[in-house]
Engineer: 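Starting off with a structure, shown below.
Because the structure is predicted, anything quoted here is derived from the model rather than measured.
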Amino acid sequence: MKIVARRIWPLFALLALAAVVMRFLTESIWLDILFNFSIGIMLAFVAIDMLYEERKNRRWQIVIIGFCVLLFLVEGIVNVISVF
């Protein structure tokens with residue numbers, strides 16, 4: 001899982017960056033949804049990578065990242081609900 005997390009999270013970071021750039025060019029709620037879910041998933045994979053790295057004093061960083069993941073995923077779900 002460590003290798004998978006290490007290889008996948010940069011792809012979600014690029015996807016989020018593309019959503020931000022496209023957001024400057026057009027106005028769409030779907031770009032907000034894409035951004036929120038891609039950042040949430042990317043941070044989840046970063047936390048998984050940090051968890052398997054097993055360095056000291058990383059637990060508090062994982063807790064902060066977990067809170068951010070929850071925040072972005074809830075915001076993405078709220079945006080999806082607002083579309084329908």
Side-chain angles (χ1 to χ4, degrees):
M1 185 67 178
K2 176 181 171 183
I3 294 172
V4 172
R6 190 169 284 174
R7 289 190 180 175
I8 288 182
W9 76 262
L11 299 175
F12 283 104
L14 289 175
L15 190 63
L17 185 62
V20 167
V21 170
M22 289 298 295
R23 182 80 170 129
F24 287 121
L25 302 175
T26 113
E27 182 72 28
S28 175
I29 190 71
W30 293 106
L31 290 173
D32 289 340
I33 293 168
L34 174 71
F35 176 76
N36 287 329
F37 282 127
S38 63
I39 290 293
I41 293 170
M42 179 200 67
L43 287 175
F45 280 123
V46 167
I48 290 170
D49 187 32
M50 288 174 65
L51 187 65
Y52 283 112
E53 211 172 277
E54 294 184 12
R55 288 188 183 169
K56 283 188 165 185
N57 299 326
R58 294 283 180 168
R59 301 288 181 204
W60 65 273
Q61 292 174 351
I62 292 173
V63 169
I64 292 172
I65 289 174
F67 177 73
C68 291
V69 166
L70 183 67
L71 183 72
F72 278 111
L73 291 181
V74 166
E75 182 68 28
I77 291 170
V78 168
N79 284 338
V80 167
I81 291 171
S82 71
V83 168
F84 299 111

Engineer: Run the side chain to side chain contact (heavy atoms under 4.5 Å, CB included) test against Leu15 and tell me which residues pass, sequence neighbours left out.
Structural biologist: Phe12, Leu34, Ser38

Engineer: Quick one: CE on Met50 to CG on Leu43, what's the gap to the nearest 0.5 Å?
Structural biologist: 10.5 Å

Engineer: Please round to the nearest 0.5 Å and tell me the distance separating atom CG of Leu11 and atom CD1 of Ile41.
Structural biologist: 12.0 Å

Engineer: For residues 13-24, pull every pair meeting side chain to side chain donor-acceptor pair (under 3.5 Å), keeping only residues two or more places apart or in separate chains.
Structural biologist: Arg23-Glu27, Arg23-Asp32

Engineer: Cluster partners of Trp60, using ILVMFWY side-chain heavy atoms under 4.5 angstrom, listed by chain and number?
Structural biologist: Ile64

Engineer: Val20: what forms a side chain to side chain contact (heavy atoms under 4.5 Å, CB included) with it, not counting sequence neighbours?
Structural biologist: Phe24, Phe35

Engineer: Just distance, no hydrogens or angles: give the donor-acceptor pairs under 3.5 Å from side chains in residues 68-84, sequence neighbours left out.
Structural biologist:
residue: Asn79; atom: ND2; partner: Glu75; partner atom: O; Å: 3.4
residue: Ser82; atom: OG; partner: Asn79; partner atom: O; Å: 2.7

Engineer: With sequence neighbours excluded, what pairs up with Asn36 under the side-chain hydrogen bond (donor to acceptor under 3.5 Å, both in side chains) test?
Structural biologist: none

Engineer: Between Ile62 and Ile39, is there a shared hydrophobic cluster once you connect ILVMFWY residues whose side-chain heavy atoms come closer than 4.5 Å?
Structural biologist: yes

Engineer: About how many Å separate CD1 of Ile8 and CG of Asp49, when rounded to the nearest 0.5 Å?
Structural biologist: 11.5 Å

Engineer: In terms of hydrophobic clusters joined by side-chain contacts under 4.5 Å, are Met22 and Leu14 together?
Structural biologist: no

